Peer 1: 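Would you mind keeping the following structure in view while I ask a few things?
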Amino acid sequence: MSVRVVIVDDHDVIRVGVRESLDDDIEVAGEGRDVESAIEAVRTHHPEVVILDVHLPGGTGGGALDVLAEILGTAEAPRVLALSVSDAADDVVAVVRAGARGYVTKSISGPDLSDAVRRVNSGDAVFSPRLAGFVLDAFNAAGGEVAQVDEDLDKLTEREQEVMRLIARGYTYREVGEKLFISIKTVETHVGKVLHKLQLSNRHELARWAAQRRIV
Amino acid sequence: MCDDSGVSHSTRIVRPLRREAQPASWWRALLGLLMLTFALGLVARRYGMDQLAPWALPAVVFIAALVLVWSPLDGAVQSDPRRPDVVSLFSRDAWARVVVGVGLAVAAVAWLAQWDFGNRPLLRAILVPVATVGAAALVLAPWWMRLIRQVSVEREQRVREFERAEIAAHLHDSVLQTLTLIRAKSQEPETVARLARAQERDLRAYLYQDRCSEADSVATALTAAMSEVEDAHGVAIELVHVGDAPTSDALRAVVRATREAATNAARHGSEPISVYAELTAAAYDVFVRDSGPGFDPATVDPDRAGIRHSIIGRVERHGGTAAVASAPGSRTEVSITMPRKEQR
């Protein structure tokens with residue numbers, strides 16, 4: 001079963017590179033070069049996954065955030081994998097909070113990218129080591145003593161922290177499972193829950209952390 | 001910590017993603033004004049027109065005049081409340097509003113001046129000039145703001161010009177030089193890859209990161225150390241760092257040990273090499289992991305100084321611990337833990 005994707009990036013070279021590096025069972029349905037053409041391409045081709053660059057020209061200046069606001073929220077909305085050269089924590093977390101199901105850097109290898117696309121398509125979350133690091137930072141899990149919080153949403157469980165930490169250390173999902181003696185499916189569940197928390201939490205710490213890095 | 005300095009963001013070249021708010025429409029102000037008038041009408045019915053008319057009606061007229069004069073500002077204030085773009089006040093389609101608004105304001109003040117203030121001449125002598133000056137200030141404020149704005153725009157232009165020159169200088173010193181080098185060495189793929197990687201890292205740091213000194217930020221120190229290993233051995237290291245603090249002696253020891261561990265990984269292991277560092281209030285944990293082929297730690301010749309002295313010994317001298325986990329055919333992971341007692 002092939003996955004239909006739309007590639008959005010403002011650089012021709014990158015779009016060509018991404019298209020070439022994807023596996024044969026991933027079909028590139030369309031491309032976008034800015035906010036407007038990205039929305040247009042998604043509406044025309046109805047892809048299952050959008051590979052979305054974080055910084056895009058056009059729109060109101062929000063780049064990927066503008067695209068996400070426009071294409072998500074409908075029943076047949078595609079799943080989004082954010083692709084970026086940006087190492088800036090605020091951009092990455094803003095895009096994930098806006099609804100992207102995963103984040104990978106442009107230095108990712110072809111097979112890994114194809115794998116990430118398939119994972120996102122099947123509803124799982126894709127966390128690169130860097131994103132896992134940002135999450136640990138954002139939820140102040142690194143602070144050790146986490147203050148008593150009312151909502152479960154505002155806190156990573158012990159297990160989720162372990163999973164995030166191992167991903168940040170460069171473990172693949174499979175290796176995380178082996179290390180913690182859990183199945184790869186369970187690892188995926190934990191990562192999915194963390195994604196959910198990252199998107200929905202209005203934790204005080206997260207707000208403060210975001211404000212420090214100027215995330216709205 | 002440089003995150004907290006507040007000014008750090010001005011050093012970042014690429015602006016964070018930002019979405020602009022939609023400008024609200026001016027009719028909301030008019031609607032509010034209508035409701036205010038209605039309320040005044042009700043009050044007038046309650047207390048009688050004579051009591052209210054001499055000051056309330058001029059006030060309403062004056063507010064209407066203010067709304068007219070200031071209305072082109074609405075969109076400008078929405079886009080950036082701190083620095084309203086008063087230029088729109090002086091656009092062509094705004095001048096009619098300004099003329100009518102100023103006329104109304106003058107009429108309102110004149111109207112108020114007609115009133116005898118319930119036969120209290122002293123009160124009148126004080127209030128009329130005060131009201132006149134206040135009204136003039138309110139109506140003329142946009143012009144005054146434009147003056148201030150012009151000064152700040154000029155200053156901003158100078159700053160921007162300066163920044164542009166600095167960016168151009170940086171690009172020249174870094175990217176252009178590297179490109180020239182790459183063209184000259186195009187026959188040596190290894191060199192080209194190394195140059196490109198070093199340049200990419202440099203540019204990335206320049207564009208996306210807040211710049212700190214190594215003494216202020218252990219994250220910066222570790223990043224610099226990993227960059228050196230990348231350059232020296234031509235490998236890519238994926239570094240993830242959580243938390244940050246000024247570099248103490250103990251933390252510096254960890255950075256040196258990590259550097260040694262990463263060098264070993266680069267020399268004996270294969271890519272990808274991951275380095276994860278987590279600085280908490282309690283400890284500084286660093287993990288260095290390569291992708292094989294691994295070795296049996298028990299068979300390492302005791303004379304070999306690398307692991308024992310440079311990693312374990314160095315960390316233990318500062319009260320930390322370090323361990324190497326590996327086996328032939330699997331990945332090697334060096335874990336370093338340094339308690340942070342001295343910080344508290």
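Here is the naming used below: chain letters follow the sequence lines, and residue numbers restart at 1 for every chain. None of these values were measured; they are calculated from a predicted model.
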Peer 1: Is it possible for you to check whether A:R165 lies under 6.0 Å from the centre of the six-membered ring of B:Y276, through NZ or CZ, and within 45° of that ring's axis?
Peer 2: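 No, cation not above the ring by the 6.0 Å, 45° rule.
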Peer 1: Would you indicate whether B:R331, at its atom CZ, is surrounded by more than 12 heavy atoms from other residues, nucleotides or ligands within a distance under 6.0 Å?
Peer 2: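 More than 12 within 6.0 Å, yes.
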Peer 1: Among B:A236, B:S274, B:A277, which residue has the highest count of heavy-atom pairs closer than 4.5 Å to chain A?
Peer 2: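 Among B:A236, B:S274, B:A277, the one with the most close pairs to chain A is B:S274.
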Peer 1: Quick check: do B:E333 and A:Y171 have side-chain heavy atoms less than 4.5 Å from each other?
Peer 2: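 Yes. Closest side-chain heavy atoms under 4.5 Å.
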Peer 1: Whether the side chain of A:R130 engages the backbone of B:H241 through a donor-acceptor N/O pair (distance < 3.5 Å, no angle test) should be reported.
Peer 2: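 No; zero donor-acceptor contacts below 3.5 Å.
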Peer 1: Restricting to side chain to side chain donor-acceptor pair (under 3.5 Å), what partner residues turn up for B:T191, sequence neighbours left out?
Peer 2: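 With neighbours one apart ignored, the set is B:E188.
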Peer 1: For A:D115, check side chain to side chain donor-acceptor pair (under 3.5 Å) against everything at least two apart and list the hits.
Peer 2: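 For A:D115 there are no side chain to side chain donor-acceptor pair (under 3.5 Å) partners, ignoring immediate neighbours.
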Peer 1: With a 4.5 angstrom heavy-atom cut-off, is it the side chain or the backbone of B:L239 that approaches chain A, or both, or neither?
Peer 2: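 B:L239 touches chain A through backbone heavy atoms alone.
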Peer 1: Would you mind checking if A:R169 and B:E238 are paired as a salt bridge, meaning a charged N to carboxylate O distance below 4.0 Å?
Peer 2: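 The answer is no: the pair does not qualify as a salt bridge.
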Peer 1: With only heavy atoms counted, which part of B:E200 is less than 4.5 Å from chain A, the side chain, the backbone, both or neither?
Peer 2: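 Answer is neither: B:E200 stays 4.5 Å or more from chain A.
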Peer 1: Within a radius of less than 6.0 Å around CZ of A:R118, do more than 12 heavy atoms belonging to other residues, nucleotides or ligands occur?
Peer 2: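 For A:R118, atom CZ is crowded (more than 12 foreign heavy atoms under 6.0 Å).
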